[in-house]
Protein chains: 2
Amino acid sequence: MISSATAEPFRSLFTLLAALRYRKLSDVLGDSGYPHAVVRQRLGTRSRTAAQRRVLDAALDLIADHGVSGTSLQMIADAMGVTKAAVYHQFKTKDEIVVGVTELELAKLEEPLAAARAESDPARARKVLLTDVIDMAVTRRRWIRTLQNDPIIIRLLGTHPPFREFIAELYGVLQGEEDDTIARVTAALFSGAIAGSVVNPLLDDIDDETLRAALLQMTTRMLNLPD
Amino acid sequence: MISSATAEPFRSLFTLLAALRYRKLSDVLGDSGYPHAVVRQRLGTRSRTAAQRRVLDAALDLIADHGVSGTSLQMIADAMGVTKAAVYHQFKTKDEIVVGVTELELAKLEEPLAAARAESDPARARKVLLTDVIDMAVTRRRWIRTLQNDPIIIRLLGTHPPFREFIAELYGVLQGEEDDTIARVTAALFSGAIAGSVVNPLLDDIDDETLRAALLQMTTRMLNLPD
DNA sequence: GTCTATAATAAGATAGAC
DNA sequence: GTCTATCTTATTATAGAC
């Protein structure tokens, strides 16, 4: 079972985005100038049966509401209309289910990441990826809070190598060369503003398109990217 | 036991700050021009025995790391070096412990709230309170994530009347008169930026004073308050 | 205020039939 | 792929002695 007893310093997707240092990847820099893991397996490529997908869908929904610790296998089975044993036939442990749903979410950024790395201009690449990160934060906003703040998932993002590597790569593209305090505070405010605002019920009645545009405009200015 | 099965639309301290509308309190406006509950009991005034305080201290520490659902009575007892039965002698249920620790944290803003309401100029009152809210977010940063995002606490903040009333009053002072979309997006970005950045490990080595000053400067501008 | 002991229930997980 | 049945452990919670 997943335990958060020995908590990691890294605590979430967006905070990892801000915490992982570009220079830590300098030994795996490609000739494009962007960091990349040499053999990293793309997230979300493993094949899932229909039954497995049903489990992950139900789990995703419940975990978004109750958190990982607050979601039991019984709750997942009930939501699916089957027994616990049927769920265990698809995934050997609860851990695997948690890894599965997290992978499902992170995988949504694999294509945007690849597209950004195809850009020749680094500033343009950051802008492209930033747009997609915001887009995901907005469209998947119900999940962002859990992905960012659930103690079990925080730990998973810091310990599960495929997740660590993916986030490091993502960050490598998003992060510029600046390394001073102002840049760090700006990055922190930026990630906090995105993650915090998309889960804010005050903005529930604002349509996705408007919110996306407002966030992009503000964060673009914060990161000094071209419009 | 606390269940988050029927989740509330309100989801956290800062999002409640942004979500509760000033006009909903118009019927309880005092002559000072600030909203207030007529008979609201101040949080944190109930007396606690030394043993109760030890329980709450241990619970606070564990819940900050593992969340409410991830923290058992056994863990609390172990941290205190006593048995579960000793813990149950101080609090009849786990719920009461969760309410207790949440109250302990919110109570830290009771005095700042009273001080702000003593100001004659509303803009000045907002500035004073904002300063204290940021100060709490910075100094209690380890707790902010749980207070903001734990599913059980989110539910508690929306359902427990003393918490609802306190937050409504707090928000009444912080919120200006503006009611347009821009103001709402700004408020959401503001609360997200504060809450998100103080828990960002990228800023772990920045001392409290510097972080406090940077946050105050930025959020003051966002809210169009006087320096 | 703390203990041992115990209850009732739910958790994660497995075996084997259909 | 799903079921019933079961196991083990952990959970919230209580009773009663010291």
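Predicted model only: the values in this text are computed from it and were never measured. Sequence lines set the chain letters: A, B, ... in the order given, protein chains first and strands last, and positions in each chain run from 1.
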Please determine, for the side chain of [X], which listed nucleotide ([options]) has the closest atom?
X: B:His89; options: C:dC3, C:dG1, D:dT12; value: C:dG1
X: B:Ala85; options: D:dT12, C:dA5, D:dT2; value: C:dA5
X: A:Thr49; options: D:dT12, D:dG1, D:dA13; value: D:dG1
X: B:Ala51; options: C:dG12, C:dT2, D:dC3; value: C:dT2

Could you check whether any side-chain heavy atom of [X] comes within less than 4.5 Å of a side-chain heavy atom of [Y], counting everything from C-beta outward?
X: A:Glu103; Y: A:His160; value: no
X: A:Arg54; Y: A:Gln90; value: no
X: A:Leu147; Y: A:Met136; value: yes
X: B:Asp150; Y: B:Arg145; value: no
X: A:Val99; Y: A:Phe163; value: yes

OP1, OP2 of [N] versus side-chain N and O of [X]: anything below 4.0 Å?
X: B:Gln74; N: D:dT12; answer: no
X: B:Thr83; N: C:dC3; answer: yes
X: A:Ser72; N: C:dA11; answer: yes
X: B:Tyr88; N: D:dA13; answer: yes

Point to revise | Pair of N/O donor and acceptor under 3.5 Å linking D:dT11 base with B:Lys84 side chain | key: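 Per atom types, no contact qualifies.
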Let me know the distance between [atom1] of [X] and [atom2] of [N], rounded to the nearest Å.
X: B:Met75; N: D:dT11; atom1: CE; atom2: C1'; answer: 12 Å
X: B:Gln90; N: D:dT14; atom1: CD; atom2: P; answer: 15 Å
X: B:Ile76; N: D:dT11; atom1: CD1; atom2: C1'; answer: 12 Å
X: A:Arg48; N: D:dG1; atom1: CZ; atom2: P; answer: 13 Å
X: B:Asp78; N: D:dA10; atom1: CG; atom2: P; answer: 11 Å
X: B:Lys92; N: D:dA15; atom1: NZ; atom2: P; answer: 12 Å
X: A:Leu62; N: C:dA11; atom1: CG; atom2: P; answer: 12 Å
X: A:Lys94; N: C:dA10; atom1: NZ; atom2: P; answer: 16 Å

